[in-house]
Amino acid sequence: MKLFMLPYAGSIWSPYNCWEGLTNGRIEVDIIEYNGRGNRQKFPYPKSWDELVKTTSNQIIEKMVNEKEDYAILGHSMGAKVAYQVYREISSNKNISIPKCIFLSGTSLLSKNDTEICNKSREQFENYFIKLGGIPEIVLREPELKEIVFSYLYDDVRLLSQFDYNQDFSKKVCRLTVLNGANDAIDSQEKWNKEMGMECGYKVFPGNHFFIEEYAKDIFDFICKELS
């Protein structure tokens with residue numbers, strides 16, 4: 001079984017480096033990169049949210065050697081919203097099986113509009129993401145590298161502002177599990193159940209917004225239990 005992992009905003013190289021090599025002998029971690037980033041720089045960066053969802057869905061479909069193979073999708077932060085709509089895109093394809101589970105990590109309720117960050121000044125924009133964490137110190141110390149990362153962040157957030165939540169999860173329903181850090185702004189399991197119209201899995205780990213890096217092994221072990 002494959003666990004496809006979708007990047008958070010601003011990723012310019014392979015995200016989730018600390019996840020590479022994690023396996024229980026049955027689940028293989030497969031890290032996706034968006035077009036125009038990392039190993040897929042030769043492909044044009046998506047001009048719209050819909051294009052991002054479509055090109056990311058196609059990557060997953062292309063990686064499915066066996067159309068009936070079991071798989072799951074995890075998206076963190078911005079990637080959680082991509083994962084939600086990638087699932088909707090894939091579930092409309094009659095030739096591909098739906099995933100066993102969608103893991104929405106590091107995100108508030110999808111119906112919440114959290115894109116006002118686009119309207120902030122450059123300084124406010126940078127300070128917001130520096131405070132959020134996840135940007136290596138080496139990036140912040142190198143002006144050129146910092147400029148690239150924040151340029152990518154702005155492009156991603158601009159696409160994210162086009163996200164339009166549709167309450168109809170899917171006619172084909174799979175398991176959905178929400179993962180969050182205890183020190184991040186989180187919503188209750190009851191609120192998630194109500195929004196999705198189904199009983200969602202729910203797990204809170206120690207840490208802040210980027211708990212997914214600090215507690216990679218613990219999260220992976222939990223995911224393996226969820227998928228067993």
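No experiment lies behind these values; they were computed from the predicted model shown.
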Of all heavy-atom pairs linking L227 and C101, the shortest is CD2-CB, 3.8 Å
Determine the interplanar angle of the H209 and H76 rings, folded into 0 to 90°, and report it as parallel if under 30°, tilted if 30 to 60°, perpendicular if over 60°. tilted
Derivation of the side chain to side chain contact (heavy atoms under 4.5 Å, CB included) call for Y152 and V157: CA-CA 9 Å; Y152 278 29; V157 172; over 6 Å; no
Which class fits the ring pair F163 and Y84: parallel under 30°, tilted 30 to 60°, perpendicular over 60°? perpendicular
Going by atom types only, do W19 and E213 share a side-chain donor-acceptor pair under 3.5 Å? no
Apply side chain to side chain contact (heavy atoms under 4.5 Å, CB included) to S57 and list each qualifying residue two or more places apart in sequence or on a separate chain. V53, V86, E89, I90
Within the structure provided, determine whether E33 and Q59 are in side-chain contact (heavy-atom separation under 4.5 Å). no
Can you tell me if NZ on K100 sees more than 12 non-hydrogen neighbours from other groups inside 6.0 Å? yes
Could you give the distance from CZ (F220) to SG (C18), rounded to the nearest 0.5 Å? 12.0 Å
Using atom types as modelled and distance alone, determine if a side-chain donor or acceptor of T107 lies under 3.5 Å from a backbone N or O of L104. no
Could you check if a side-chain atom of L176 sits within less than 4.5 angstrom of a side-chain atom of M198, using non-hydrogen atoms only? yes
Stepwise side chain to side chain contact (heavy atoms under 4.5 Å, CB included) test for W192 and L109: CA-CA 7 Å; W192 276 101; L109 294 173; 3.6 Å; yes
Heavy atoms, side chains only, cut-off 4.5 Å: are V178 and F103 in contact? no
Charged N to carboxylate O under 4.0 angstrom, K2 versus D70? no
Please evaluate residues Y16 and Y8 with respect to the criterion ring pair (Phe, Tyr, Trp, His ring centres under 6.0 Å), reporting the C-alpha separation (whole Å), side-chain torsions for both, the decisive distance (0.1 Å), and the verdict. CA-CA 10 Å; Y16 311 119; Y8 40 84; 5.7 Å; yes
Do you know which two heavy atoms are closest between L159 and W49, and how far apart they sit? O-CE3, 3.3 Å
R37 NZ/CZ over Y34 ring centroid, <6.0 Å and within 45° of normal: no
Could you walk me through whether D187 and K112 satisfy the side chain to side chain contact (heavy atoms under 4.5 Å, CB included) test, starting with their C-alpha distance in whole Å, then the side-chain angles of each, then the deciding distance to 0.1 Å, before giving a yes or no? CA-CA 11 Å; D187 295 296; K112 289 185 175 180; 2.7 Å; yes
Straight-line distance of F150 CZ to L145 CG, nearest 0.5 Å: 10.5 Å
Does the S151 side chain pair with the main chain of E147, one donor and one acceptor, at a distance under 3.5 Å? no
Okay, side chain of N193, backbone of C200: is any donor-acceptor separation there less than 3.5 Å? yes
Looking only at heavy atoms, which two atoms of N35 and P46 are closest? And how far apart? O-CD, 3.5 Å
Quick one: do D164 and K81 make a salt bridge, cutoff under 4.0 Å? no
Would you say Y215's side chain and G181's backbone share a donor-acceptor pair under 3.5 angstrom? no
Working to the nearest 0.5 Å, report the span between CZ of R88 and CD of Q85. 6.5 Å
R175 side, atom CZ; E226 side, atom CD - distance, nearest 0.5 Å: 5.0 Å
Are the side chain of D30 and the backbone N or O of F4 linked by a donor-acceptor pair below 3.5 Å? no
Please report the closest heavy-atom contact between I73 and A83, naming both atoms and the distance. CG2-CB, 3.9 Å
For the residue pair S111 / E195, report whether a side-chain donor-acceptor contact shorter than 3.5 Å exists. yes
Quick one: do D221 and K217 make a salt bridge, cutoff under 4.0 Å? yes
Test side chain to side chain contact (heavy atoms under 4.5 Å, CB included) on L52 and M78; report intermediate values, then the result. CA-CA 12 Å; L52 174 67; M78 170 185 170; 3.6 Å; yes
For I212 and I219, the nearest pair of non-hydrogen atoms, with its separation, is CA-CD1, 3.5 Å
Give a yes or no answer on whether the side chain of N208 reaches the backbone of F210 with a donor-acceptor pair at less than 3.5 Å. yes
Considering all heavy atoms, the nearest I32-T56 contact: CG2-CG2, 4.2 Å
Establish whether L6 and F43 are linked, either directly or via other cluster members, by ILVMFWY side-chain heavy-atom contacts under 4.5 Å. no
Can the positive tip of K47 be found less than 6.0 Å from the middle of the six-membered ring of Y45, inside 45° of the ring normal? no
Rounded to the nearest 0.5 Å, how far apart are CG of N24 and NZ of K225? 11.5 Å
Would you compute the distance between atom CD1 of I31 and atom CG of N17 and round it to the nearest 0.5 angstrom? 6.5 Å
Test item: M5 and V29 side chains (from C-beta on) under 4.5 Å apart, heavy atoms: yes
